[in-house]
Amino acid sequence: MIELKNLTKSFLVKGQGERRRKRVMHAVKDVEFQWGTQEFVAIVGESGCGKSTLGRVIAGIMPPSEGDVLLDGNSTLKLNKQQRREWARVVQLIPQDPFAALNPVRKISSLFADPLRYHGIATGSRVKQRTAELLDLVGLEPSNVMNKYPHQLSGGQRQRIVVARALTVNPRYLIADESVSMVDVSLRIGIMDKMKAIARERELGLLFITHDFRVARYIAQNGRIAVMYLGRIVEIGPTEEVLQNPQHPYTQALISAVPVLEGREQRVTLIEPRNYELTSEVSHEGCAFEPRCPFATESCRTKSPDLLEVSKSHGVACHYATPRRMVERENNAMV
Amino acid sequence: MNKLIRRVVTSLILIFVVATLTFFLIRLMPGSPYEVLYHQLLMKGMSQQQAADQVRSLLNATPNEPVILQYFQWVVQLFHGSLGNSIAQTGVPVTQLIFNALPWTLVTVTMGLFISFFIGIFLGVISASKRNSWVSGLIDNASSIAHAIPAYVTAVALLYLFNVVWHVFPSSGAYGITVYPGVNLPFILSFMYHMVLPVGTYVLTGLGSWELAMKATTITVTNDDFMMAARLRGLRHSTLMSYLGWNSILPLFTGFMLSLGAMFGGSVFIESTYSFPGIGNLFGAAITSRDYPVMEGCFLLTTTTIIVANVVADLMYSKLDPRIVD
Amino acid sequence: MSTVVDVKGLSVTFPTDEGVVRAVNDVSFSVREGESVGIVGESGSGKSTVAFALFDSVPSPGQISEGEVRFENGKNLLDMSEEERRRFYWSRISMVFQAAQNTLNPILRIQRQVEDIADAHNVSKKDAIARASELFETMYLHPKRVLSSYPHELSGGMKQRVSIALALLLNPRLVVLDEPTTALDVISQASVLRILDEVRRNTSVSFLFITHDISVISQVVDRVLVMYAGRVVESGPVRKIVTAPTHPYTRGLVASIPPLVGDLSGTKSVMGQPANLMNLPKGCAFYDRCEIRQPRCALEPPSYLPIDDDSAVACHVATGQDQGVNGP
Amino acid sequence: MKNIWKIFTRRPSRMVGVVLLLFFIVLAIFGPIMYPHPAVPNPNQIYAPPSWAHFLGTDYAGRDIWEQIVQGAQNVLYVAFLGALFTIIIGTVVGLAAGYLGPVVDNILMRITDMFLTIPSIALTIILAVTIGLSNNIVMAGILSFASWGGLARAIRSMVLSIKSRSFIEVSLGLGIPRWRVLFRDVLPNLMPYIVVHLMLALTSTVYGEVGLFFLGVVPFNAANWGVMLNYATGGSGAMYSTQSLMFLISPILAIVLLQTGIVLTSDAVNAIVDPRLREAK
């Protein structure tokens, strides 16, 4: 079990224009969240909402600024170097760009041999055998790819190799950061199926970071969805519940924005945001979504909403979530 | 404005640090300038006391004094705008020597810099537009070789050809003996005539780096998406060329620092060969005669010039390139 | 309705060390006035190359080896003189690029870039600025602010909208859109798509919309061409392509989009890897990945044949060229 | 191998470069065996023209010029190569440390690097040479590299920063592989092409500096060196102004020009061989 306690990650960024003093930017702000093995969770949000930073903090790549990450109930704040490395092994992060995730000057076999040898997972001739097993697991023909350089492979093949390499250290949790967004649409499902199957078989926790609600639903149909906006979780709940009954105006806007297959699906218009661009700077004390929210009132400007349960295990951070109804919904598949 | 002040302050600090380092470097090495003069005077038959007094009066410093005390004296002098006195030309203030020499070098180096810059970017554009052809290969290789051949070799070769063999240009000096320095036409013409070979050497040794840099940026910019977009927008050829030109030249401004440094450094070789009375020549002479205060002064001045030019180039660059918001 | 562009038998080849690669192979299609056509295909299918071929600007070392590109005046683009082509570009046919954020000159203000286009096409600068302001307004951009900005001062979504406005500046007949929303966030993408939809409903401009994701364009195009390994494998009205695709590849493409509601069990990937243009099979290029392949498919490539008034497909099985098997 | 051959045949100049460089390397290695002792003056043979006995003629003291060129090659190449190697090592270590060890180290090292980049390197080299007073070749190589590693350090640092931002480093660290191992297994191999190319560039500038110090006469003439020859040719011997002594003037000039040409053209070939763009097209 991984628990995030009041997790905040902030960076010092250079101010723009007149005020050139450095200021603190909260990439992740006060996030509370639990995630167990065998649980599939999708984190949805636009680029810049802090979802990738959250993934990195959970994976132990970055230390949190405030708060704590508990691994099986133990704080990770005071780990020594060796323990920190162990934690990083337990939680593996699969990055977005399969082109950048593989060292261009090394052959695939060497990329796998490194972690296997270093951790003593396999030695001698077992290294090659274990590599072949892992490649086979993600649906690649080992003899085809072992002795190639990354640039000799297609994007889909590379993404599978990145997944397989994360499995070399036998992690218990996988965090996939937009792991299919750079892959052709026609190949995405195959890679997601593989990740789901592997996670199910090995009883791993799977956290999938994405901007696409279709992907989120496909990964975490029986799990949970968390929607992030400017570092905060604004809505979280069981996947179908969030999709069928979204409470936060931002969630509603995101769902409305998903392009639909005209003829096969009905257009869903819940709300239109006031701004189409993420305004990354929130100067006031209130709700981060206030500048884009069509329903915002004075209290949204002054008071930041807490994440409260609206129904069992469905939490929303909005002052007006419960009473407001959506504009219109016709959501029946027509195929 | 804020930025300018910050740059100037950091530059002043940098100059001071460099000056301090050279001071200690030279003093801590065996054979400090004071000992050298002291021993020279002893050799001339002075008594120890006489020699020490002489050194004190000439160099405004006491030999065998702790280095740290010498340093404080030196700093006080520096803030009074004094760099001490020359040893070789006994008693002449270093600042005077430098101010006599500086204009010659400043004019020739600046001219060499600009001419090599323009020829370099011109060749770079040609090489980039004829990429992968023999023309481009020839230009690139010729530029790199011209850049790699030491300035003294180029200078000697030019001097031999244009003075010894063809008698076209003079072998030494900055102006003829019959003219008076000042704002008068005979002097200016004579100066320009004497300047041809030194400036030509700066240009030959300097243009290579501009050519290569310009070629690289031009190719990068040509392949940029916005150039493709500009072509498809049906923009006039002249507009396309100005898009390409400005975007390629802008990044080169940051190279002004290195190239100015290299040119001022190269002036030692070039001015020594042509006996051109600038800073390089002064520096070269100071080295031969172990005239430490002059060496120090020339070095400090050269460094300062480069730092100032650097600040100017940076400010210019941030004015020219809107992407630099800082 | 008149035809805006008519492409016939277009082939684009790239010479490589291991032989000549046909990135686009015998592609024919036309776009009518006011019509919006989508080209869908995965990376390497040749869809972007088709877009650049319409401007005779195939990335080097590629070249148009065969075919013709005729615009409404009946003139073949490939026969035009350099100057004629320059004037033709942007005033008659314009483009919105995949990486629109990089298609503006980084060191000039937007206003200057609008003026440069005006100058190149003999339009008065004042008119061009007025027209640009009007377009910016319809795209939820603040005209004054945008005109006086440098590109780096605008966000990705804003730059994309600016470049759409620039594409419409001279009222061209055809706008080619090459993956214009791929780099954008979901909400930004939705707004760009809605703007495009409004433009096509309110003007007679035609769109050629190139994308790898059919779900993105199904709301903004009338007709779709599906490309695979340099060839068009299926074409038809978008509704038909989405609801009743014929070619097994199109079927795979549609099936690989997970629905937002309802059953997910029908969602599946197209198996195998994208076709390798260096090493295409002898018969149908899709043979290796096809779920309904027949022995004949391995031997000869299928012809691209009409199956009814407005659709055509290149598949032995679907067009019944292979006896005894009809597409399920 | 086939590709390397292709790179050479595409531009014959590259072949010329390698041949020139190899020629001087052979001279440097076998020169001391051919001519183990300093050239002997011969008052009867002052400024003799080229002949079978004196391949390039003789100098103002009647010494064989070819013999001096050959002996100079060893000194020039040895010191220049050593200096270039030092430059590469200092630049790489400083650049790696600045880019890889975090912002504090980065800030300190880059301030120092900036200072070295600002100081005119030739002037600093000369001052160092004068004050230290040269004792041997290794010290000379050290002086030559001392002022010239800044550019490489800066370039390496910015490359390390850009490599660090690519996710394969993060992935390797995430797999629990220690930082130093990641540095050598993942970061350094990506820099090797650039380091190799820069070695060639550094070689041209150390040749420049080394010969220049002798030419200026600021260091004791304790070795046979082309700079010493050039110094005598342009200075005391008056060879500049006599048609008789042309060979004495031209020989060191030609040696320097040909060596630098060889290095430059070879580095063009090396550049093409290690260029990642060409490798990816394979």
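When reading the values below, keep in mind they use all heavy atoms of this one structure, side chains included, and skip hydrogens, waters and symmetry mates. Letters A, B, ... are given to chains in the order of the sequence lines, protein chains preceding strands, and every chain is numbered from 1.
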K.L.:
Pick whichever of C/L184, C/T182, C/V192, C/D213 has the most heavy-atom pairs under 4.5 Å with chain A.
P.N.:
C/D213
K.L.:
Could you tell me which residues in residues 153-164 of chain A have at least one non-hydrogen atom under 4.5 Å from a non-hydrogen atom of chain C, sorted by residue number?
P.N.:
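At a heavy-atom separation under 4.5 Å, chain C is reached by A/S154, A/Q157.
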K.L.:
Rounded to the nearest 0.5 Å, what's the gap from OG on C/S215 to CG on A/D212? Could you check?
P.N.:
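Here the interatomic distance stands at 7.5 Å.
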K.L.:
Can you give me every donor-acceptor pair (side chain of residues 259-268 of chain C, partner residue at least two apart or in another chain, under 3.5 Å) with its distance?
P.N.:
from	atom 1	to	atom 2	distance (Å)
C/D263	OD1	C/S265	N	3.1
C/D263	OD1	C/S265	OG	3.1
C/D263	OD2	C/S265	OG	2.6
C/T267	OG1	C/L264	O	3.1
C/K268	NZ	C/E291	OE1	3.2

K.L.:
Please report the closest heavy-atom contact between C/S218 and A/L261, naming both atoms and the distance.
P.N.:
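For C/S218 versus A/L261, the nearest heavy atoms are OG-CA, 3.4 Å.
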K.L.:
Test of understanding: with ring pair (Phe, Tyr, Trp, His ring centres under 6.0 Å), list the residues that count as partners of A/F289, not counting sequence neighbours.
P.N.:
A/Y229, A/H248, A/Y250
K.L.:
Return the minimal non-hydrogen interatomic distance between A/V260 and C/Q219, and the atom names on each side.
P.N.:
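Result for this residue pair: N-NE2, 3.0 Å.
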K.L.:
Please find the pair of heavy atoms, one from A/R264 and one from C/V254, that lie closest to each other, and give the distance.
P.N.:
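In this case the closest contact between A/R264 and C/V254 is NH1-O, 3.4 Å.
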K.L.:
Among C/I217, C/I187, C/L193, C/V270, which residue forms the greatest number of heavy-atom pairs with chain A at distances under 4.5 Å?
P.N.:
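Of the candidates given, the most pairs with chain A belong to C/I187.
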K.L.:
Is any side-chain heavy atom of C/S269 closer than 4.5 Å to a side-chain heavy atom of A/K194?
P.N.:
no
K.L.:
Side chain, backbone, both or neither: which part of C/I214 has an atom under 4.5 Å from a heavy atom of chain A?
P.N.:
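The answer is both parts of C/I214.
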K.L.:
CG/A/L140 to CD/C/Q273 distance, rounded to the nearest 0.5 angstrom?
P.N.:
7.0 Å
K.L.:
How about residues 221-237 of chain C versus chain A: which residues have heavy atoms under 4.5 Å apart?
P.N.:
none
K.L.:
Are A/E262 and C/V238 side-chain neighbours, meaning at least one heavy-atom pair lies under 4.5 Å?
P.N.:
no
K.L.:
Can you tell which part of C/M158 gets under 4.5 Å to a heavy atom of chain A, answering side chain, backbone, both or neither?
P.N.:
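Backbone plus side chain of C/M158, per the 4.5 Å heavy-atom cut-off to chain A.
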K.L.:
Would you name the heavy atoms of C/S256 and A/I189 that are closest together and state the gap between them?
P.N.:
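Scanning both residues completely, I find the closest heavy atoms to be O-CG1, 3.3 Å.
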K.L.:
Taking the side chain as C-beta and beyond, is there a heavy-atom pair between C/P274 and A/L187 under 4.5 Å?
P.N.:
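They are in side-chain contact.
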